[in-house]
Q: 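I have a structure I would like to understand better, so I am pasting it below and will then ask my questions one at a time.
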Amino acid sequence: MTRIPIDPDAIRALAAVLVETGLSEIEIADKDSRIRVVRNLAPATMVASVAAAPAPAPVAAAVAPVVQDLADHPGAVTSPMVGVAYLSPEPGAPPFVTLGQPVTAGQTLLLIEAMKTFNQIKAPKSGTVASILVQHSAPVEYGEVLIILE
């Protein structure tokens, strides 16, 4: 049985990215190993698992709790439905918005596909895109923060 090398610094760095971005999980992989860090939002703890492709081997890591709830941010754009988020209108097309881009009220920020219908999510106010918290083709839940406008 071969041991998978565990890099505690990599786990800590990924955990810090989760806290900074408000994501609930993140994963990186190379050809023979994978590190996945998942944050449970209710108890504010993180579980990290390091795994080879066929057999996962979980490892626990403690992380500081999230200081601010992004849903309370005045520029938070939340999902009005459950579905799949798309950051561009079609595969290979540029995204609707990018980080740091100014937007106007009513401008399309992304699409959410629900029940085979693509719904435009528009900017509720003018501002600048400060954070994009959802990934292209990622499932989203009702009320989930998608984008932060400043």
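All figures in this text were calculated on a predicted structure; none of them were measured in a lab. When a residue number appears, it is its place in the shown sequence, counting from 1.
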Q: How many angstroms lie between CZ in F96 and CG in L111, if you round to the nearest 0.5 Å?
A: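 Spacing of CZ (F96) from CG (L111) equals 4.0 Å.
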Q: Going only through I, L, V, M, F, W and Y residues with side-chain contacts under 4.5 Å, is there a path from L133 to V77?
A: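 Per the 4.5 Å side-chain linkage, L133 and V77 are not co-clustered.
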Q: Which atom pair, heavy atoms only, marks the closest approach of S126 to A105?
A: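 For S126 and A105, the tightest heavy-atom pair comes out as OG-N, 3.1 Å.
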Q: Name every donor-acceptor pair, under 3.5 Å, that has one atom in a side chain of residues 134-150 and the other anywhere in the protein, sequence neighbours excluded.
A:
unit_1: H136; atom_1: ND1; unit_2: L87; atom_2: N; d: 3.0
unit_1: E144; atom_1: OE1; unit_2: E141; atom_2: N; d: 2.9
unit_1: E150; atom_1: OE2; unit_2: H73; atom_2: NE2; d: 3.0

Q: Flag yes if V84 and V82 sit in one hydrophobic cluster, no otherwise; membership is Ile, Leu, Val, Met, Phe, Trp, Tyr, and two members link when side-chain heavy atoms are under 4.5 Å apart.
A: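 Different hydrophobic clusters.
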Q: Within this structure, what is the CD-CD1 distance for the pair Q120 and I112, rounded to the nearest 0.5 Å?
A: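 If I round to the nearest 0.5 Å, the distance is 11.5 Å.
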Q: So K122 and L109, do their side chains get closer than 4.5 Å, heavy atoms only?
A: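 Not touching, per the 4.5 Å side-chain cut-off.
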Q: Work out which heavy atom in S88 is nearest to a heavy atom in P95; give both atom names and the distance.
A: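 For S88 and P95, the tightest heavy-atom pair comes out as CB-CA, 3.8 Å.
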